[in-house]
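Sequential numbering from 1 along the given sequence is applied to the chain's residues. Side chains are part of it too, since the values below use all heavy atoms of this structure and drop only hydrogens, waters and symmetry mates.
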Amino acid sequence: MMDKRESTSGATQFEVLQTSRSCILVDRYDKVKVHAIGYFEKNMQSFWKTKDVMKNEPLTFTVGTGKVIKGWDLGCIGMREGEVRRIFVPAKEGYGSKGYPPYNIMPNDNLVFEIECVQVLGKAKRLPSIDIKQSGTGEKKLLFMHGWPDDEGVWEHQISCFSKSYTCFSYTLPWFGKADDARRIAKLKGYDPSGYSFEELVDAIALAVSALLAPGEKIVVIGHDWGGYTAELLNHRHHQLVERLIVLDVSLKSMPAPSLLRTPFELIAVGLLYQWPMIIAYGVSQQAPGFAKWLATRQSSFVKRTMLRTCDPRYKHIAKAKSTSGTGEIGYVYWEFQKNSMKTALGYRDHQRWKQDCPTLFLYGNKKPFMFHAKDWAKRLNKVEFVESASIGLPCGHWLQIEQMEEVNEIISGYLSNPVEFTSRYKYVDSKI
């Protein structure tokens, strides 16, 4: 039994008794309905349950507010609607040294609870509606995730190539794309002007994608830039949907903790000159939309000029055309990233400690002004124990899928055809890594 237990951010542990394919997960401050049975760990005798002869109503509470014992607040986070967990609550995260006499819980008793998540109340109302476009009818399915300042068009050459043998899915994130189109779509779909957290985005993507999959079917996720970042988070939150990851240039797990910033140059280049102007544009997007659009457009042009200096001249015009400026509202991804970086630095987020539990192919351009990944993480992918995983540097800049479109397509094709044989052939050749 112990081998099946998973850890929370505290001492409480849990194991999943009944899985669920629902894409609605419990987060902190969510209001939930649960059925539960409580046991004493010392003899596994039941002392309380929500289902009995006199009463058969679920318990409703808000996660993370201290309305229940700490073990429940910790053990319920990440549950899916319909999932059943057994949580192991030590006394210090239960009723402590005082116990709870009404249920004969003695001081320092360790407890066990079986909890069924019946419903997450109000979760879906914050999730944006994601339109998934489909190309091809192949048996294996690929999901292409874009970054900034792009939209789904950045994958045009890959989708054209792989839709001949695979079913290809793509989408454009809320508020992304050409400014006028982005605002029109946002108004039509009722997108939140304040944007969305990364968790909300991947939950929305998972909901949209799962509707296109058969029960138990998984998908290969291919992400670039913020798309790589969210691809890793999608796997972490909805691993039941993900077969493997192909990540280009930026990934959640590849970022140096607590953020990208490692040198004074990168502090200025990435922080002050790159991300914070976008955050400012986001901050004033509702009060001064004209200024926000102007700032976002100028910032997009500046970043594109900087990143395209290393682009093959033959493809530079294509990369420029595929990158869009969007609206000031798209800065929400940078605001969310900076908030998450601060939480990681303060110990409130633990994504840097996630296990490498999904086969991953990581491709990066080694001709950029600076790297968007941690070299130690990339090296680990080429170790023998990481089956079907590898990292490969290509002589190009940030937009690998455009600057090295033929080689990228060939690499992805080889990896998808035989991942074990393909990854066994790749070792580091880039002196920067």
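Taking Phe169 as the reference, nothing meets the ring pair (Phe, Tyr, Trp, His ring centres under 6.0 Å) condition, with sequence neighbours excluded. Residues passing the ring pair (Phe, Tyr, Trp, His ring centres under 6.0 Å) test with Phe198 are Trp226, Tyr229, sequence neighbours excluded.
Ion pair Asp203/Arg80 not flagged as a salt bridge, since none of the NZ, NE, NH1 or NH2 atoms sits closer than 4.0 Å to an Asp/Glu carboxylate oxygen.
Among pairs with a residue in residues 136-148, those fulfilling salt bridge (charged side-chain N to carboxylate O under 4.0 Å, His left out) read Lys140-Glu243, Lys141-Glu217, at least two apart in sequence or across chains.
Atom SG in Cys358 sits 4.0 Å away from atom CG in Asn235 (nearest 0.5 Å). Atom-to-atom distance recorded for Ser170:OG and Ile132:CD1 is 7.5 Å, nearest 0.5 angstrom. Interatomic distance, NZ of Lys67 versus OG1 of Thr62, reported as 8.0 Å (0.5 Å rounding). Taking CG from Leu207 and CD1 from Ile130, the interatomic distance works out to 10.0 Å, rounded to the nearest 0.5 Å. From Ile222, atom CD1 reaches atom CD1 of Ile412 across 4.5 Å, with rounding to the nearest 0.5 Å. We find the CZ-CD1 distance between Phe113 and Ile37 to be 11.0 Å, quoted to the nearest 0.5 Å.
Environment of CD in Glu410: sparse, with no more than 12 heavy atoms of neighbouring residues, nucleotides or ligands closer than 6.0 Å. In Lys189, the NZ atom is crowded: over 12 heavy atoms of neighbouring residues, nucleotides or ligands sit closer than 6.0 Å.
Met145 pairs in a side chain to side chain contact (heavy atoms under 4.5 Å, CB included) with only one of the listed residues (Leu201, Leu173, Ile205), which is Ile205.
For Asp225 and His398, the side-chain atoms include at least one donor-acceptor pair closer than 3.5 Å.
Between Tyr196 and Tyr191, the two ring planes are perpendicular [angle over 60°; tilted spans 30° to 60°]. Using a 30° and 60° split on the angle between ring planes, Trp72 and Phe61 fall in the tilted class, from 30° to 60°. Between His146 and Tyr171, the angle of the ring planes lies from 30° to 60°, which puts this pair in the tilted group.
Listed for the Glu81 side chain is no donor-acceptor partner under 3.5 Å among the backbone atoms of Gln119. For the pair Glu93 (side chain) and Ala11 (backbone), a donor-acceptor distance under 3.5 Å is present.
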Given the rule in the salt bridge (charged side-chain N to carboxylate O under 4.0 Å, His left out) test, do Glu114 and Arg85 qualify, once you have shown the distances and angles that lead to the verdict?
CA-CA 6 Å; Glu114 290 182 8; Arg85 284 185 179 182; over 6 Å; no

Report the C-alpha distance between Thr172 and Glu152 in whole Å, list the side-chain angles of each, state the deciding distance to 0.1 Å, and finish with yes or no for side-chain hydrogen bond (donor to acceptor under 3.5 Å, both in side chains).
CA-CA 5 Å; Thr172 294; Glu152 62 193 85; 2.8 Å; yes

Test log, rule salt bridge (charged side-chain N to carboxylate O under 4.0 Å, His left out), inputs Glu388 and Arg244
CA-CA 9 Å; Glu388 301 182 13; Arg244 64 185 68 251; 2.8 Å; yes

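Centroid-to-centroid, the aromatic rings of Trp175 and Tyr332 stay 6.0 Å apart or farther.
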